[in-house]
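Before any comments, here is the structure.
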Amino acid sequence: MGRQAATALYVLALVAVVVGVDVLFFRHQFWPRLMANVGIVLVFWAFYLRFLKHP
């Protein structure tokens, strides 16, 4: 249960960051918002692969 809770919190943090950046900085701009969202997801994915993935 601990691993599932950690994964759920990680995904919730990802969603919160994406929505927060969208609302605060790129509300009415489609392409910059899309690029920022892709960048955020890639950073979270890289962090997951580096620190959280178990061999």
Side-chain angles (χ1 to χ4, degrees):
M1 185 67 179
R3 178 106 172 118
Q4 290 176 346
T7 302
L9 285 174
Y10 192 74
V11 171
L12 186 63
L14 170 65
V15 171
V17 169
V18 166
V19 170
V21 167
D22 284 351
V23 170
L24 290 175
F25 298 111
F26 302 113
R27 186 173 300 182
H28 301 293
Q29 302 169 354
F30 176 74
W31 289 108
R33 181 172 63 188
L34 179 63
M35 288 186 285
N37 289 345
V38 169
I40 291 168
V41 169
L42 289 175
V43 167
F44 269 77
W45 184 50
F47 184 84
Y48 170 78
L49 289 177
R50 175 65 177 98
F51 296 109
L52 299 177
K53 186 176 178 184
H54 295 279

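Numbers here simply count residues along the sequence, with the first being 1. Because the structure is predicted, anything quoted here is derived from the model rather than measured.
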Is [X] linked to [Y] within one hydrophobic cluster, defined over Ile, Leu, Val, Met, Phe, Trp and Tyr using a side-chain heavy-atom separation of less than 4.5 Å?
{"X": "L49", "Y": "L14", "value": "yes"}
{"X": "V17", "Y": "W45", "value": "yes"}
{"X": "V41", "Y": "F25", "value": "yes"}
{"X": "L42", "Y": "V18", "value": "yes"}
{"X": "L52", "Y": "I40", "value": "yes"}

Problem - Residue among V38, D22, V21 satisfying side-chain contact (heavy atoms from CB on, under 4.5 Å) with R33 - result: D22
Exercise for the section: Using atom types as modelled and distance alone, determine if a side-chain donor or acceptor of R27 lies under 3.5 Å from a backbone N or O of V23. Expected result: yes
Problem - Plane angle bin for Y48 and Y10 - parallel if under 30°, tilted between 30 and 60°, otherwise perpendicular - result: tilted
Exercise for the section: Answer yes or no: is there a side-chain heavy-atom contact under 4.5 Å between N37 and F26? Expected result: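 They are not in contact (no side-chain heavy atoms under 4.5 Å apart), so the answer is no.
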